[in-house]
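Below you'll find the structure, written out as structure tokens, and then a few comments.
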Amino acid sequence: MKLDIRPLHDIFAAEIHGLDFSRPVGELPMDEIRAVSARYGVLILRNDRPPTDQQHVAFSKALGPIEANKLIKVAGVDRVRLNVPGLIDVGNLDPDNNILKPDSRQMAFRRGDRLWHTDMSFNQNRATWSLLAGHEIPPQGGETEFVDMRHAFEQLPKEMQTMLEQLTVEHSVWYSRQLGGYDKPTPEEIESSPGARHKLVHVHAPSGRKTLYLASHASHIIGWPLDLGRGLIRELAAFATQPQFIFRHTWRLGDVVMWDNLATMHRATEFEDTLYKRDMRRTTCREHPLPAQFAA
Ligand code: OGA
Ligand code: MN
């Protein structure tokens, strides 16, 4: 299989044509995909139609361990739309394929994706790649934006870099959800996702480059007064997301976007989410295997 690779931005991101998800995973050029991902951070895998849910999950498993089911509990949600282990529903649809109610807790949860973040930084076992497939695309809006956090780190003054390398950050999904307008989490919700701590700067192993590890989930800096830490986190996020650093992806039906959460941040953008359907399905690989009862 010959991959056709086309860079999309001065800093990062590339488009790949010719990756055929209908072929057995063993025949796909996984080493080449890993190598291209290490360089570009965000890959747009173009196809005429989305992979089936099974192809999507099989391809993702070839990249790394994935969780069988999303463990975060959103109060009041007892039924899921996609019943495929490993597949996360990030669209605006309910189990009957109707658009979610505007004031539902689920809709509020999803809208949290519109803040700059990296997936699952609130887990100790961090996310490596996320793979997001577009099954139904609204006629306008709903683009996804990305930045390369290695590039952002490299643009900071040396003394700042050295200072940041000493810091550890606490991440919580409930912190970011509340920033996005979600209600106070219930005790059950908190128990389902208690948060995690990570170094603010780490070496991105596939490229060997140092990078910032930040997200809207980043709540505070360990050992710093709350406001001071939050101020620094906000300042760094603003620096990393300057307009000229952003790659904006406009979705076409069938696209699979594969990003490296350990080297990038992303956000969803606005669309008429009470009027148009947006059916998006995601898998997310992890750095380390999951306990057997949670693995897909
Ligand atoms: C995600 C996410 C952005 C989007 O699935 O992790 O942030 O545009 N999605 O849906
Ligand atoms: Mn995300």
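Just follow the structure's listing: the first ligand is 1, and inside any ligand the first atom is 1.
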Member of Arg114, His266, Arg248 meeting the side chain to side chain donor-acceptor pair (under 3.5 Å) criterion with Glu145: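 Output: one option passes, namely Arg248.
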Worked verdict on Asp113 versus Arg110 for salt bridge (Lys or Arg N to Asp or Glu O under 4.0 Å): CA-CA 6 Å; Asp113 282 342; Arg110 279 279 61 92; 2.8 Å; yes
Starting from the Mn ion (ligand 2), count all protein N, O or S atoms within a radius below 2.8 Å.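 Under the 2.8 Å cut-off, the count stands at 3.
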Can you give me a line-by-line list of nitrogen or oxygen pairs between ligand 1 and the protein shorter than 3.5 Å?
residue	atom	partner	partner atom	Å
ligand 1	5 (O)	Arg282	NH1	3.2
ligand 1	6 (O)	Asp119	OD1	2.9
ligand 1	6 (O)	Asp119	OD2	3.2
ligand 1	6 (O)	His266	NE2	3.4
ligand 1	6 (O)	Arg282	NH1	2.6
ligand 1	7 (O)	His117	NE2	3.1
ligand 1	7 (O)	His266	NE2	3.0
ligand 1	8 (O)	Thr144	OG1	2.6
ligand 1	8 (O)	Arg278	NH2	2.8
ligand 1	10 (O)	Arg278	NH1	2.8
ligand 1	10 (O)	Arg278	NH2	3.4

If the plane angle is over 60° it's perpendicular, under 30° parallel, otherwise tilted; pick one for Phe247 and Phe12.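 Ring orientation, 0 to 90° scale: perpendicular.
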Relative to Phe153, does Arg209 satisfy both conditions: NZ or CZ under 6.0 angstrom from the six-membered ring centre, and within 45 degrees of the ring's axis?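 Relative to the ring axis of Phe153, which defines the angle, Arg209 lies outside at least one limit.
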Face-on cation placement of Arg278 at Phe271 ring, 6.0 Å and 45° thresholds: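 Yes, Arg278 sits over the ring of Phe271.
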Ser130 and Asp119: which non-hydrogen atoms are nearest, and at how many Å?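 So the two residues come closest at OG-OD2, 2.6 Å.
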Under the 3.5 angstrom rule, does the side chain of Lys199 hit a backbone N or O of Leu212 as a donor-acceptor pair?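 Not at all, since once roles are kept as given, no pair shorter than 3.5 Å links the two residues.
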Is any side-chain heavy atom of Phe21 closer than 4.5 Å to a side-chain heavy atom of Val256?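 Heavy-atom side-chain distance check passes, below 4.5 Å.
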Can we call the ring centroids of Phe245 and His151 under 6.0 Å apart?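 Yes, close enough.
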